[in-house]
Structure formats: structure tokens, C-alpha cells
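Below, read A as the first sequence line, B as the second, and so on, with proteins coming before strands; counting in each chain starts at 1. These numbers come from a predicted model, not from an experiment.
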There are 2 protein chains.
Amino acid sequence: MARTARDQEERIRERNRRLILKAGIDVFSRKGFDGTRIAEIAEKSGLPKANVYYYFSSKEEIYTAIVAHLIESWDDALKPITAESEPADAFRNYVRAKLEYTRRNAAESRLFASEIIHGARFLKKKDREHMRQVTDRHVEVVDGWIAAGKMMPTDARHLFIMLWAATQFYSDFEPLACDALRKSRLKAEDYEKAAETVIETLLCGILPKA
Amino acid sequence: MARTARDQEERIRERNRRLILKAGIDVFSRKGFDGTRIAEIAEKSGLPKANVYYYFSSKEEIYTAIVAHLIESWDDALKPITAESEPADAFRNYVRAKLEYTRRNAAESRLFASEIIHGARFLKKKDREHMRQVTDRHVEVVDGWIAAGKMMPTDARHLFIMLWAATQFYSDFEPLACDALRKSRLKAEDYEKAAETVIETLLCGILPKA
DNA sequence: GTCTATAGGTAGATAGAC
DNA sequence: GTCTATCTACCTATAGAC
């Protein structure tokens with residue numbers, strides 16, 4: 001009986017934390033850290049403001065919890081780059097997975113972009129180091145492909161920056177992407193066309209083969 | 001005599017407005033719109049806070065003045081794309097000019113990026129329309145090159161998004177670029193290497209020529 | 001665990017003397 | 001045109017009853 005009651009409380013805690021984080025992603029991504037009001041996060045999550053402070057001791061704590069969580073989530077999207085795969089397949093899958101992920105998690109993506117643009121004030125050293133190491137591993141794989149003659153010699157680090165930039169753009173800078181495409185909103189098919197263009201350009205370039 | 005005095009006042013006005021806008025770019029780009037304090041802009045420009053309000057009636061007015069101005073400035077960087085030039089030369093020049101511009105105006109670039117990420121709240125309709133038209137003209141040129149067999153068939157709009165994304169990234173997301181390149185700060189030579197990688201990939205792709 | 005009320009501090013904007 | 005003092009509003013965070 002005591003057992004059940006405690007479980008019940010634990011479930012409520014878990015649920016409320018989730019509600020707060022979800023609302024936080026929404027508000028932080030639209031207003032930025034300083035523009036965000038705890039009152040709005042409270043409202044969005046259906047809790048009184050004081051309850052938000054019961055679960056998180058400060059605005060910063062909510063924010064950093066969100067940032068730390070989304071960095072973890074990215075590791076999945078980056079898995080296609082392994083030494084066993086062929087470069088063309090690996091990059092195709094990478095670009096598709098990354099675009100699909102940012103499309104489905106546009107708010108998180110924007111929140112992170114804003115955090116970086118404003119100097120990565122709240123990005124934990126540990127998380128940055130993790131990202132650096134993931135990049136290092138991918139660079140090694142690409143350098144291996146180049147050494148094996150499977151790819152043209154290229155700077156792998158700049159190559160990954162290019163792919164990251166191109167795939168993030170559609171969600172992070174959606175108003176610009178909409179303007180450039182002359183659409184009022186981006187749909188799944190626009191992301192599909194984006195993937196095609198990025199992949200085709202990346203693999204073959206734009207000059208005629210002649 | 002009255003003439004000289006008025007000119008003198010006009011010069012002072014011009015100078016102070018400039019000082020405020022310059023300080024504004026610095027602070028807004030680091031802290032975002034809501035994170036920025038007028039007191040800090042005043043301090044940076046060497047004026048008392050009340051004087052800032054003498055020249056601009058609100059925080060928003062300073063901010064929108066900055067945004068409107070930097071959109072104009074970009075037109076120059078985009079000039080290399082004209083129908084008379086060859087695609088390879090045009091893109092080479094475009095990428096170089098754009099990277100050079102963002103490197104030299106990193107703060108403005110970040111300010112604009114932050115504005116877009118947070119929904120382009122303060123971007124004037126007129127300015128957006130101007131940007132759309134510039135894109136349209138460039139798309140026409142590229143489509144012409146494709147029709148003339150000077151380029152592989154590609155979606156020109158997505159192609160420009162890709163170039164814009166890749167060239168903005170180094171200044172806008174400098175902390176990420178530094179991490180990816182394993183450098184503590186970006187120098188001119190890093191932008192040079194970026195230009196090479198982007199141009200080479202764009203023109204020829206990464207697959208071996210067989 | 002939940003919630004009302006409020007303390008405490010800060011920042012945008014203005015009044016008004018010089 | 002310049003600047004000090006201040007008004008007003010709002011927001012983070014907490015106290016303390018239930």
C-alpha cells in the first residue's frame with residue numbers, strides 16, 4: 001500500500017517534469033532564454049508557477065536540462081557513418097536521417113541553435129566534449145575512405161560542417177527557407193527535395209560531366 | 001554662423017546615432033533582443049542612458065534599424081551571380097565573397113540569425129520581399145545555365161539555401177565550428193579552407209571520378 | 001505535493017533641470 | 001543636446017498555508 005502510493009507519487013513527478021520540459025522547449029525555442037517567462041512555461045504545462053519551481057530550482061535548470069537531453073538524442077541520427085558502409089550510402093542515410101530528425105524536432109533544434117549563436121553560455125563542458133569526440137570518430141572514418149580511394153581527397157571536418165549547416169537550415173531558419181522556396185510553410189516533401197539536392201550535389205557536384 | 005552651428009549639431013547627431021547602432025550590434029548579437037539592456041548599449045557607446053532614448057524612442061527602434069541596414073549590405077556580396085559569368089566562376093566568387101563578408105561582419109550576421117530563429121518578429125515585410133526578389137533573380141540565372149547545359153539539372157532554390165547555410169555557419173555558429181575543427185578560434189585561413197572545401201564539393205562532388 | 005501571495009530586484013521609459 | 005533622478009511595470013524566486 002505504501003509501495004503503491006509512492007509509485008503513484010513517482011509517476012506524478014515524472015509526468016510533471018515531462019510537461020514542464022516539453023513546455024520549456026516550446027517557449028524557449030520561440031522566445032530565447034531571456035525572452036522566456038516562467039509564467040508562460042507554467043501556463044503551457046498546466047501547472048501553477050510555484051509548482052514549476054518545486055520541480056526545477058531555476059529557469060536555468062530547466063534550460064540546461066533541455067539542452068543536455070537534446071545533445072544525446074542526436075547520436076542516433078549520426079549513426080550511418082561507420083567504416084563498414086560505402087561513402088555514398090552512408091552520406092545518403094546521414095543527410096536523410098538528419099533532415100528527418102530536425103523536421104520532427106524543429107523546436108529543440110532552434111533552441112540549440114539559439115544557444116550556440118549566443119555564445120553557448122549554458123552548454124556544459126562535458127556535452128561539448130562529447131560532440132567533439134563524435135566528430136573525431138566520423139572524421140577518422142572519412143579519412144579512411146579517402147585513403148582507400150573511395151572518395152576524393154577533402155577536408156573531412158569542413159565537409160561535416162557543410163552537411164550539418166545544410167541540414168539544420170530548414171528547421172532553424174524556416175522563415176528564410178520558406179522565402180527562398182516561395183512557400184508559406186515547409187512540408188515533408190520540401191525536406192525530401194532538400195535531401196535530394198544536398199545528396200546529389202555532395203556526391204556528384206553541379207558541373208556537367210562532359 | 002547659424003549655418004555652422006547647425007552643421008556642427010548635425011555632425012554630433014550623426015556620430016551619436018552611429019555609436020548607438022554600433023554598440024547595439026555588439027550587444028544584441030551577444031545577448032539577443034530580450035537579453036539586451038539599454039543600459040549596456042548606453043555604456044558601450046559612451047552615452048548616458050537617457051541620451052540613447054533621445055536618439056531612439058525605444059529598444060525596438062534601435063533593433064529594427066540595425067536589421068534593416070544589414071539586409072541592404074548583403075546585396076553586394078551576392079553580385080557575382082549574373083547571367084554573363086560562367087557558373088564555376090560565379091559560384092567560386094559568390095562563396096568567397098559571402099564567407100569574407102560574414103567573417104568581417106560576424107556580429108551583424110549572428111544578430112540576423114537570432115532574429116530569424118526566433119520567428120523574424122521584427123523583420124519588415126518590405127525587407128523580406130526584397131530578399132525574396134533577389135533570390136528569384138539568382139534562381140532565374142541558374143535555371144538559364146541549366147537550360148544552356150552549363151550545369152547539371154538541380155533545384156536552384158535548394159542549391160542557394162545550401163550555399164547560404166554553409167557560408168553563414170562559420171560566423172553564426174562559431175563555437176560549433178571551432179569544436180568541429182578542433183581550434184580555439186577561427187582565423188582567416190580557416191575561412192579560406194572552408195571556401196575551398198565548399199567550392200570543390202559544390203562543383204565536383206566527393207565521389208572518385210572513376 | 002499544491003498553490004496564493006508577495007518579497008526583492010531590475011529594466012524600459014520619462015520628467016525636468018541645465 | 002545632455003544627464004540625474006525616478007516612475008512604473010514586470011519577473012524570478014520564495015514563504016508559508018493547505
Any side-chain heavy-atom pair of A/E40 and A/R30 under 4.5 Å: yes
Specify the residues of residues 12-29 of chain A, ordered by number, for which at least one heavy atom lies under 4.0 angstrom from an atom of DNA chain C. A/I12, A/R13, A/N16
If we check ring-ring contact (aromatic ring centres under 6.0 Å, His included) with A/F122, which of these qualifies: A/F112, A/F33, A/F28? A/F33
Hey, are the side chains of B/F169 and A/M162 touching, using non-hydrogen atoms and a 4.5 Å cut-off? no
Round to the nearest Å and state the distance from A/N51 atom CG to C/dG1 atom P. 11 Å
Is the side chain of B/R110 donor-acceptor paired with the backbone N or O of B/S171 at a distance under 3.5 Å, no angle test? yes
Would you call the rings of A/H138 and A/F160 parallel, tilted or perpendicular, where under 30° means parallel and over 60° means perpendicular? tilted
Does B/I20 offer a backbone N or O that forms a donor-acceptor pair with the side chain of B/K44 under 3.5 Å? no
Could you state the atom-to-atom distance from CD of A/E61 to C1' of D/dA13 in whole Å? 13 Å
Footprint string (nucleotides 6-18 of chain C, 5' to 3'): B base within contact, S backbone only, - free, heavy atoms under 4.0 Å: -----SBBB----
Are B/H158 and A/Y170 close enough that their ring centers fall under 6.0 Å? yes
Would you mind classifying the nucleic acid contact of A/Y55 as base, sugar-phosphate or nothing, using non-hydrogen atoms under 4.0 angstrom? sugar-phosphate
If you measure only the distance, is there a donor-acceptor pair under 3.5 Å linking the side chains of A/S109 and A/Q168? yes
